[in-house]
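Notes follow once the structure below has been shown.
We number each residue from 1, following the sequence as shown. Because only heavy atoms are used, hydrogens play no part in the values below, and waters and symmetry mates are left out as well, while side chains stay in.
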Amino acid sequence: MNAHDLSNLGAGFSDAALGSQSVFRAALQALSHPGRVIALPHDAQTPSRGHAASAALLLALLDPDCTLWLSPSLAGSDAAAWLRFHTGCVLVDAPENAQFAWVAQGDECPPLDRFAHGSDAYPDQSATCVLDVAALTEGGAGNAQGWTLRGPGIQHSTRIEVDGLPHPGASAFTVQWAANHAGFPRGVDLFLAAPQQIVGLPRTTRIEELEA
């Protein structure tokens, strides 16, 4: 299915208001407690491409006034048609024109500085990015990419492990994230999404990459 095919789409939330409110609360909890792995239960019939948690998150966040950039495999899949139909969002071809972005696992993530970072006067005019990953582990067991997180919403520090960040991978991401954090109050906010869970990374969070 392509981005303009509206036939045979899965349903959204069975109760649009309650479904959106539940997912939105989970998103706020994730951003308020960076590094905490938050379950994202929902009943939407999500697209075949991309993680279900990401699709449900964007279903709750997007509306007709929002612009959305999708990574290549998502843009050519039923995910594009599903989100456009259920939210009325506007799909854009360039990351810098997007208020929201979704990057599928296996696709390349554009450099974070390509997304809108807002301004000192209007820091809210920045992008929110959703990155699909294979798995998220709070605390971690030493089997994947380990990060120590610090910043608002975190008491002292917390650790998570992220398996399967989109290309170019974890080391490049942490370098880009450091520059994003340094630009505060400007900067993107980000959600990492496993198939059924999310982790929030607001621009105020600092990431230290650790050896596995």
Side-chain angles (χ1 to χ4, degrees), residues 12-44 46-47 50-70 79 82-83 86-89 98-103 109 112 115-119 122-133 135-140 147-162 165 173 177 180-181 183-207:
F13 303 126
S14 60
D15 186 311
L18 291 179
S20 293
Q21 290 169 7
S22 176
V23 171
F24 189 71
R25 284 195 298 269
L28 287 179
Q29 185 180 8
L31 290 177
S32 299
H33 302 282
R36 183 176 298 179
V37 178
I38 306 295
L40 201 71
H42 62 88
D43 63 359
T46 52
H51 289 339
S54 301
L57 178 63
L58 289 166
L59 181 62
L61 296 179
L62 296 174
D63 61 38
D65 294 326
C66 295
T67 53
L68 171 68
W69 180 84
L70 297 172
W82 187 81
L83 285 169
H86 287 299
T87 71
C89 68
Q99 295 165 299
F100 292 86
W102 182 9
V103 180
C109 183
L112 294 181
F115 295 106
H117 281 229
S119 65
Y122 299 99
D124 57 316
Q125 295 180 353
S126 59
T128 298
C129 301
V130 181
L131 303 187
D132 285 358
V133 299
L136 296 163
T137 305
E138 196 171 335
W147 291 346
T148 294
L149 307 182
R150 295 181 173 86
I154 302 170
Q155 187 174 11
H156 306 302
S157 68
T158 190
R159 178 185 166 96
I160 62 168
E161 290 191 350
V162 182
L165 266 174
F173 176 84
W177 188 259
N180 181 67
H181 171 76
F184 184 82
R186 296 172 291 109
V188 302
D189 298 314
L190 191 140
F191 291 94
L192 301 174
Q196 303 296 337
Q197 301 166 314
I198 59 171
V199 163
L201 290 178
R203 68 195 75 176
T204 53
T205 301
R206 303 189 305 276
I207 299 176

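Of all the heavy atoms in Ala27 and Phe191, the pair that sits closest is O-CE2, 3.8 Å. Nearest approach of Phe115 to Ala127, heavy atoms of both residues: CB-CB, 3.9 Å. Between Gln29 and Arg36 the shortest heavy-atom distance is NE2-NH1, 3.9 Å. Between Leu59 and Gly12, the shortest heavy-atom distance links the atoms CD2-CA, 4.0 Å. Between Thr46 and Ala52, the shortest heavy-atom contact is OG1-CB, 3.5 Å. Here the closest non-hydrogen pair linking Ala98 and Leu68 is CB-C, 4.2 Å.
Between Phe173 and Trp147, the ring-plane angle classifies as parallel under the 30° and 60° cut-offs. Note: Trp82 and His86 have perpendicular aromatic rings, judged against thresholds of 30 and 60 degrees for the angle between ring planes.
To the nearest 0.5 Å, atoms SG (Cys66) and CG (Leu61) are separated by 8.0 Å. The CZ atom of Arg203 lies 12.0 Å from the CG atom of Leu112; values are rounded to the nearest 0.5 Å. With rounding to the nearest 0.5 angstrom, the OG1 atom of Thr87 is 10.5 Å from the CG atom of Asp65. The line from CD1 of Ile154 to CZ of Arg159 is 14.0 Å long, rounded to the nearest 0.5 Å. With values rounded to the nearest 0.5 angstrom, Ser20 atom OG is found 9.0 Å from Asp15 atom CG. Taken to the nearest 0.5 Å, the CG atom of Leu62 stands 9.0 Å off from the OG1 atom of Thr67.
Side-chain atoms of Asp132 come within 3.5 Å of backbone N or O of His51 as a donor-acceptor pair.
Remark: of the listed residues Ile198, Val37, Leu136, Val130, Leu136 is the sole one forming a side-chain contact (heavy atoms from CB on, under 4.5 Å) with Leu192. Among the candidates Thr148, Ile207, Val199, the single residue satisfying the side-chain contact (heavy atoms from CB on, under 4.5 Å) test with Ile160 is Val199.
Within the 4.5 Å cutoff, no side-chain heavy atoms of Thr205 are placed close to those of Leu190.
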